[in-house]
There are 2 protein chains.
Amino acid sequence: MPSPEKPRSLERGVVTATPDVAEPLNLSYLRHLVGNLSGLVHIRSREIFKSRLSEHQLTPKQAVVLEFIANNPGVSQKEIAQGVVTTPAMLVSVLDTLTGRGLVERVTDTEDRRRTCVALTPDGLLALGDIKKSFENVEETLQAESGMTDQEWQTLVTLLRKITERE
Amino acid sequence: MPSPEKPRSLERGVVTATPDVAEPLNLSYLRHLVGNLSGLVHIRSREIFKSRLSEHQLTPKQAVVLEFIANNPGVSQKEIAQGVVTTPAMLVSVLDTLTGRGLVERVTDTEDRRRTCVALTPDGLLALGDIKKSFENVEETLQAESGMTDQEWQTLVTLLRKITERE
DNA sequence: TATTGTTATACTCTATAACTATA
DNA sequence: TATAGTTATAGAGTATAACAATA
């Protein structure tokens with residue numbers, strides 16, 4: 001999506017379409033919506049993450065859950081769901097995958113047998129290093145592509161956190 | 001997700017879980033990743049959008065496509081797909097929905113009969129006003145929740161655009 | 001009676017590949 | 001042969017409701 005606003009022909013059917021270099025499209029409205037822009041940034045970050053998969057073959061979601069468990073050993077499934085903003089039901093399939101690969105373990109809480117505590121296995125700890133590299137690669141690539149300075153990047157992080165850490 | 005970093009007990013199984021007000025979880029790593037934060041912001045914006053549906057019963061994706069077509073009358077499906085960052089295949093079902101409700105029309109390009117030009121119908125134009133209100137509501141709510149000043153909000157938009165309008 | 005994790009269902013979205021009709 | 005749109009399919013993600021075991 002290049003260059004600034006430019007008036008655009010309304011009768012596109014008449015315009016001879018240049019095959020690769022398309023006429024710039026009018027994005028003036030969506031371009032100013034944080035709700036939309038954040039989605040586009042997220043799509044791009046997922047693309048980068050997936051393009052650099054190393055031996056861990058995890059989806060971004062699975063990686064985020066693994067990372068979250070690593071930071072909160074023995075966390076319950078309900079807490080994970082709240083922490084990564086998803087539903088307990090959705091977590092089941094993610095944890096099934098992670099336990100199936102031997103990266104995390106589910107243990108019933110001895111105090112409250114309804115709760116399941118989840119923690120990383122030694123293999124999960126190994127995979128974690130790899131995943132962190134992928135996450136960092138996403139950040140570096142995004143920043144490089146955008147041409148932002150380190151200070152601008154920090155500002156962006158700070159502002160996004162104001163939304164995600166409301167109240 | 002309240003308050004700043006706080007050391008967290010490692011043996012959660014032993015902690016008596018307070019039902020609603022959970023112990024703050026450790027998000028220190030994911031909290032600094034634009035790739036992750038942008039996803040959380042997008043989730044929140046979708047929540048707000050859906051909670052304020054008026055008579056138009058469109059998903060955020062359908063609404064974005066309709067908005068894009070409105071800004072680019074007669075645009076081809078391939079161009080829409082590029083503009084809203086999705087695949088031509090995915091667009092089919094979105095456009096089927098929108099045409100089914102009489103909001104947009106598909107017309108075969110007379111110059112190149114492979115192309116389909118898409119444009120809003122009068123009904124689509126009506127729905128558009130409603131959709132814009134929803135989009136604006138999302139922005140206002142996000143800003144209000146985050147407590148950002150107008151200037152901070154503008155900075156956020158500018159920085160996000162540096163990523164989405166790379167090159 | 002309420003809660004945790006689970007199952008089930010349905011729909012949206014994503015990712016591919018193959019097909020058609022046009023060029 | 002290449003391109004625009006479509007179809008088909010499989011998997012990921014989302015949203016609900018209902019269920020079993022436990023509190």
Side-chain angles (χ1 to χ4, degrees), chain A residues 12-13 16-22 39-40 42-47 49-51 53 57-65 74-82 84-99 104-118, chain B residues 12-13 16-22 39-40 42-47 49-51 53 57-65 74-99 104 106-118:
Chain A
R12 291 189 62 74
T16 51
T18 49
D20 263 352
V21 184
L40 295 179
H42 192 225
I43 289 175
R44 181 69 191 128
S45 73
R46 289 170 53 91
E47 277 175 6
F49 183 89
K50 285 196 267 190
S51 71
L53 288 177
Q57 279 278 343
L58 299 179
T59 66
K61 178 69 106 188
Q62 291 163 348
V64 165
V65 170
V75 71
S76 78
Q77 294 189 198
K78 189 185 179 185
E79 289 168 324
I80 298 172
Q82 287 169 342
V84 305
V85 189
T86 188
T87 60
M90 222 238 86
L91 250 176
V92 175
S93 67
V94 174
L95 289 182
D96 285 349
T97 302
L98 294 178
T99 54
V104 307
E105 265 184 347
R106 286 193 252 220
V107 179
T108 302
D109 189 325
T110 51
E111 304 273 319
D112 180 346
R113 297 182 45 75
R114 291 173 306 181
R115 290 168 55 96
T116 306
C117 299
V118 187
Chain B
R12 291 189 60 74
T16 51
T18 49
D20 263 353
V21 184
L40 296 178
H42 192 225
I43 288 175
R44 181 69 191 129
S45 74
R46 288 170 54 90
E47 277 175 7
F49 182 89
K50 286 196 268 192
S51 71
L53 288 178
Q57 278 278 342
L58 300 179
T59 65
K61 178 69 106 188
Q62 291 163 349
V64 164
V65 170
V75 73
S76 78
Q77 294 188 199
K78 189 185 179 187
E79 289 168 323
I80 298 172
Q82 288 168 343
V84 306
V85 189
T86 188
T87 59
M90 221 238 91
L91 252 175
V92 175
S93 68
V94 174
L95 289 181
D96 285 349
T97 303
L98 294 179
T99 54
V104 306
R106 286 193 253 219
V107 179
T108 301
D109 189 326
T110 51
E111 304 272 320
D112 180 346
R113 296 180 46 74
R114 291 173 305 181
R115 290 167 56 97
T116 306
C117 299
V118 187

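All values derive from a computational prediction rather than experimental measurement. Each chain gets a letter, A, B and so on, in the order the sequences are listed, and its residues count up from 1.
- Closest approach of A:G74 to A:C117, counting heavy atoms only: O-CB, 3.4 Å.
- At least one side-chain nitrogen or oxygen of A:T59 sits closer than 4.0 Å to the OP1 or OP2 atom of D:dG13.
- Atom CD1 of A:I80 is separated from atom P of C:dG5 by 8 Å (rounded to the nearest Å).
- Side-chain atoms of B:A89 lie closest to C:dA17 of the nucleotides C:dA17, C:dT14, D:dA4.
- Between B:M90 atom CE and C:dT12 atom P there is a gap of 10 Å when expressed in whole angstrom units.
- Closest approach of A:T108 and A:R113 over heavy atoms only: CG2-O, 3.5 Å.
- Where B:R113 and A:T116 each meet DNA chain C at their nearest nucleotide, the meeting point lying more 5' is that of A:T116.
- Protein atom CG of B:L91 is 14 Å distant from nucleotide atom P of C:dA15, rounded to whole Å.
- Closest approach to the A:V92 side chain among D:dG5, C:dA23, C:dT7 is made by C:dT7 (side chain taken as heavy atoms from C-beta onward).
- When side chains are defined from C-beta on, A:R114 does not count as touching A:K78, because their heavy atoms never get closer than 4.5 Å.
- Between the P atom of D:dT22 and the NZ atom of A:K78 lies a distance of 18 Å, rounded to the nearest Å.
- Between B:E79 atom CD and D:dG5 atom P there is a gap of 8 Å when expressed in whole angstrom units.
- Rounded to whole angstrom, the span from the CG atom of B:L40 across to the C1' atom of D:dT14 amounts to 15 Å.
- Between A:Q62 and the phosphate of D:dA12, there is no side-chain N or O to OP1/OP2 separation shorter than 4.0 Å.
- When each of B:T87 and B:V94 is assigned the nucleotide of DNA chain C bearing its nearest heavy atom, the one mapping closer to the 5' terminus is B:V94.
- Distance OG/A:S76 to CZ/A:R106: 12.5 Å, rounded to 0.5 Å.
- In this structure, B:R106 reaches the D:dT6 phosphate: one of its side-chain N or O atoms is under 4.0 Å from OP1 or OP2.
- Distance CG (B:L95) to C1' (D:dT6): 12 Å, rounded to an integer number of Å.
- A donor-acceptor contact under 3.5 Å is formed by the side chain of A:R114 with the base of C:dT3.
- Considering only the side chain of A:R46, D:dG13 comes nearest among C:dG5, D:dT14, D:dG13.
- Proximity of A:K61 to the phosphate of D:dT14: a side-chain N or O atom is located under 4.0 Å from OP1 or OP2.
- Pairing each heavy atom of A:L40 with each of B:V84, the nearest pair is CD2-O, 4.3 Å.
- Regarding B:D109, its CG atom lies at a distance of 13 Å from the P atom of C:dT22, rounded to whole Å.
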